[in-house]
Amino acid sequence: MTEAQSQTPVEIVANISRVVTAVVDRITGDRAEFPLLVAAACVQGLKNFGIESRVMYGQAAWIEIMSDHSVRWAGCWNGNIHFWVATQFGEVVDLNTSVAYRTRAHTQPNLKAIYSPPMLWSIEVPRFYRYEAEGVAELELTEDKDRARFETVLREINEKCSPAQVAACEQAFPNEPVLCHGRKLLDDSHDTFKHFDRALAVHGISPSPF
């Protein structure tokens, strides 16, 4: 890291996003249900590169495309909370938005989504996301199973998220849409963001729910 550094270097974004998503998906079966674990793992990965960050909690919403190709807001508000990461550079990091369609919305559990936005790692937050932080979250694990799972995740993060790993490995992002610095968009092999963006172009974005 240099004094002039103003954002997380792209090779570190690639390393952490790839490792965290793969590890938490494997350990939990589906990271979509474990945003706090994903955020905590991301914070540890950043710490290994000397980058400060915190897990934030609060209301969050994002646009999802439904099975009938209509556009709806989904997420956590009105008493429900979401977890994401804020870095020392002011970046919002949410590695779960790309798989959010795999869960049902709290407010409309009868609707099935087919696309959600890319995972986010950026200072700029496009209009199809909305985050309203309420505070810094702390991970309190009371169950032995949860502690064991968290320790397993951290052990792998510490093994695979490091400057040595970045230097030794070719830069590669996970095969999911990722939106990072300068609104740079990396789509997956299924053109998921292209389908998402096409529906937005047709239906537009309604005002966010908060």
Flag side-chain contact, heavy atom, 4.5 Å: [X] against [Y]:
| X | Y | value |
| --- | --- | --- |
| Trp84 | Pro35 | no |
| Pro118 | Thr97 | no |
| Trp77 | Glu132 | no |
| Pro177 | Asp187 | yes |
| Arg198 | Ile65 | no |
| Lys160 | Arg18 | no |
| Met56 | Val136 | yes |
| Ile51 | Ile12 | yes |

**Request:** Verify the cluster assignment for Val99 and Leu185: are they in a single hydrophobic cluster under the rule of side-chain heavy atoms below 4.5 Å apart?
**Result:** no

Mind checking the [atom1]-[atom2] spacing from [X] to [Y]? Nearest 0.5 Å is all I need.
| X | Y | atom1 | atom2 | value |
| --- | --- | --- | --- | --- |
| Met66 | His203 | CE | NE2 | 12.0 Å |
| Trp73 | Arg130 | CH2 | CZ | 8.0 Å |
| Cys161 | Leu46 | SG | CG | 8.5 Å |
| Asn96 | Leu120 | CG | CG | 12.0 Å |
| Leu37 | Phe150 | CG | CZ | 7.0 Å |
| Phe173 | Met119 | CZ | CE | 9.5 Å |

**Message:** Under a 4.0 Å threshold between the charged nitrogen and the carboxylate oxygen, would Arg31 count as salt-bridged to Glu176?
**Reply:** yes

**Message:** Could you check whether Asp197 pairs with Lys194 (Lys NZ or Arg NE/NH1/NH2 to Asp/Glu carboxylate O, under 4.0 Å)?
**Reply:** no

**Message:** Between Phe128 and Ser208, is the side chain to side chain contact (heavy atoms under 4.5 Å, CB included) condition met? List the steps.
**Reply:** CA-CA 8 Å; Phe128 44 81; Ser208 69; over 6 Å; no

**Prompt:** When the aromatic ring centroids of Phe193 and Tyr115 are compared, is their separation below 6.0 Å?
**Reply:** no

Any donor-acceptor pair under 3.5 Å linking the side-chain atoms of [Y] with those of [X]?
| X | Y | result |
| --- | --- | --- |
| Thr21 | Asp25 | no |
| Ser189 | Asn175 | yes |
| Thr152 | Arg26 | no |
| Glu11 | Asn15 | no |
| Asp94 | Tyr131 | yes |

**Message:** side chain to side chain contact (heavy atoms under 4.5 Å, CB included) for Glu143 and Leu141? Distances and angles first, verdict last.
**Reply:** CA-CA 6 Å; Glu143 300 290 333; Leu141 302 175; over 6 Å; no

**Prompt:** Closest heavy-atom contact between Ile16 and Cys42?
**Reply:** CG2-SG, 4.0 Å

**Complete:** Between Gly182 and Glu124, the two heavy atoms sitting closest are CA-OE2, 4.0 Å

**Message:** Counting neighbours of CZ on Arg183 that are heavy atoms of other residues, nucleotides or ligands and sit closer than 6.0 Å, is the number greater than 12?
**Reply:** yes

**Message:** Can you confirm whether more than 12 heavy atoms, excluding those of Glu140, are under 6.0 Å from its CD atom?
**Reply:** no

**Request:** Determine which pairs satisfy salt bridge (Lys or Arg N to Asp or Glu O under 4.0 Å) with at least one residue from residues 34-59, sequence neighbours left out, and list them in order.
**Result:** none

**Request:** List in chain and number order the residues that pass ring-ring contact (aromatic ring centres under 6.0 Å, His included) with Phe83, two or more places apart in sequence or in another chain; answer none if no residue qualifies.
**Result:** none

**Request:** Applying side chain to side chain contact (heavy atoms under 4.5 Å, CB included) between Val153 and each of Val38, Ile27, Asn158, Val20, report the one that passes.
**Result:** Ile27

**Message:** Among Phe210, Tyr129, Trp62, exactly one meets ring-ring contact (aromatic ring centres under 6.0 Å, His included) together with His82. Which residue is that?
**Reply:** Trp62

